[in-house]
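Every chain is numbered from 1 and lettered A, B, ... according to where its sequence line falls, protein lines coming before strand lines. Just so you know, these numbers come straight off a predicted model, no measurement behind them.
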Amino acid sequence: MRLVTWNVNSLRARLPRVLEFLGEHRPDVLLLQETKCEAEAFPHAELAEAGYVAADHSAGRWAGVAIVARAELGLADVTSGLPGEVVEDEARWIEATVGGELRVASVYVPNGRELDSEWYAQKLVFLEAMARRVGELRAAAEAPELVVAGDMNVAPADVDVYDPAAFVGSTHTSAPERDALQGVVAAGLVDAFRRLHPDDVGFTWWDYRQGHFHRGLGLRIDLILATPAIADRLTRVGIERDYRKGSKPSDHVPLVADWT
DNA sequence: ATGCCGAGACATTCTCGA
């Protein structure tokens, strides 16, 4: 199984790179964030042409998440929205079952903007709601294997930040955010990249500004969280840095997990 | 080499992103 998560920062702007990626890597599942399109404008036809089906949770110019799967696998039992999120239907959470046996969720955690802001408080509530939802899914009778992946907007540890001192007083590295993200993991998931790369720096996002990419100034905020049975079967977790280069890149790159 | 913000919209400036 090959599963990918990618914050594309507008699916319309990124569609050529997304189709390039699908052709090059042929993932079984591609989880998208920040699609930034209206539901009517979602490029189902272009994805079908490439051999994929998609389920989207779209809210216009902001946010937007989607699940794309190889057409042969199919998508079933699609649900949109995260129970307990403060702003309902902000299009930050979508779930589906792939190939009849794998439950996946694509998530775009709120940014939080500034510490001590209402948006920061909402971010913590969102992460707490994620932990509850993961607990529900894991507790269900005959619970299928689960992957929750996306833009967590939290760097789990200082090794995931190019300069931890630069983020003191900012979002993405504060203790409450890290504790809340750890709560999601503690509900029964494993950080796939960390499982195979215990000590490596593995940034997935670089600011468009001030040449941060070519200066190596990034964050690891895009995660693939998988149930232990999947984590034990991982053969590769890779960061496709080449997709931060070239024509019209997203500021995030695809994160690819392969398991047997 | 990877290259110095990008995307969307009630657009010509503003909001948001991390």
Side-chain angles (χ1 to χ4, degrees), chain A residues 5-18 20-21 24 32-43 56-66 85-87 90-93 106-124 126-127 150-178 180-181 201-223 238-255:
Chain A
T5 184
W6 192 6
N7 178 323
V8 290
N9 183 21
S10 168
L11 183 52
R12 174 157 59 172
R14 218 65 59 211
L15 192 58
R17 300 302 298 266
V18 170
E20 174 192 2
F21 181 87
E24 182 179 1
L32 299 174
Q33 302 88 38
E34 284 207 83
T35 53
K36 291 184 173 178
C37 68
E38 302 287 352
E40 311 82 68
F42 194 91
D56 67 298
H57 187 23
S58 300
R61 68 184 294 195
W62 305 123
V65 287
E85 63 185 339
V86 175
V87 183
E90 205 174 21
R92 296 180 177 277
W93 181 273
S106 177
V107 61
Y108 175 46
V109 173
N111 173 290
R113 302 194 195 181
E114 304 287 339
L115 304 181
D116 297 325
S117 69
E118 62 183 291
W119 296 281
Y120 180 78
Q122 290 174 6
K123 179 181 192 173
L124 296 180
F126 190 97
L127 287 163
D151 179 356
M152 306 299 168
N153 266 322
V154 180
D158 279 355
V159 69
D160 301 312
V161 184
Y162 64 88
D163 179 8
F167 280 80
V168 173
S170 301
T171 58
H172 291 65
T173 67
S174 72
E177 288 166 274
R178 285 178 169 170
L181 179 61
V201 173
F203 299 150
T204 62
W205 170 87
W206 299 260
D207 201 310
Y208 283 122
R209 291 166 284 194
Q210 300 174 302
H212 274 205
F213 179 62
H214 79 267
R215 294 163 60 195
L217 309 180
L219 300 176
R220 188 174 76 94
I221 52 179
D222 299 275
L223 306 183
I239 296 166
E240 299 300 328
R241 291 183 75 259
D242 286 352
Y243 281 82
R244 188 62 177 78
K245 310 173 187 175
S247 175
K248 291 182 78 68
S250 172
D251 44 355
H252 299 248
V253 288
L255 176 66

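For the residue pair A:K123 and A:N111, no side-chain donor N or O sits within less than 3.5 Å of a side-chain acceptor on the partner. Between the side chains of A:D207 and A:Y162, not a single donor N or O lies within less than 3.5 Å of an accepting N or O.
Annotation: B:dT12 and B:dA7 have their C1' atoms spaced 16 Å apart (nearest Å). Spacing of C1' atoms, B:dA18 relative to B:dT13, comes out at 22 Å, to the nearest Å. B:dC16 and B:dC10 have their P atoms separated by 14 Å, with the value rounded to a whole Å. Rounded to the nearest Å, the gap between the C1' atom of B:dA11 and that of B:dG6 is 15 Å.
A straight line from CZ of A:R215 to C1' of B:dC5 spans 14 Å, rounded to a whole angstrom. Taking atom NZ of A:K248 as the reference point, atom C1' of B:dA7 lies 8 Å away to the nearest angstrom.
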*If the sugar-phosphate is the primed atoms plus P, OP1 and OP2 and the base is the rest, what is the B/S/- string for nucleotides 8-18 of chain B, using protein heavy atoms under 4.0 Å?*
BS-----BSBB
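Under the salt bridge (Lys or Arg N to Asp or Glu O under 4.0 Å) criterion, the residue pairs touching residues 151-175 of chain A are A:D158-A:R178, A:D160-A:R194, A:D160-A:R220, with sequence neighbours excluded.
Taking both residues in full, the closest heavy atoms of A:P249 and A:Y208 are given as O-OH, 2.9 Å, listed atom of the first, atom of the second, then distance.
Note on ring orientation: taking the six-membered ring where Trp is involved, the planes of A:F126 and A:W93 are perpendicular (angle over 60°, cut-offs 30° and 60°).
For the pair A:D242 and A:R14, nearest-nucleotide mapping onto DNA chain B gives the more 5' position to A:D242.
The side chain to side chain donor-acceptor pair (under 3.5 Å) with A:Q33 is formed by just one residue from the set A:N153, A:T5, A:N7; it is A:T5.
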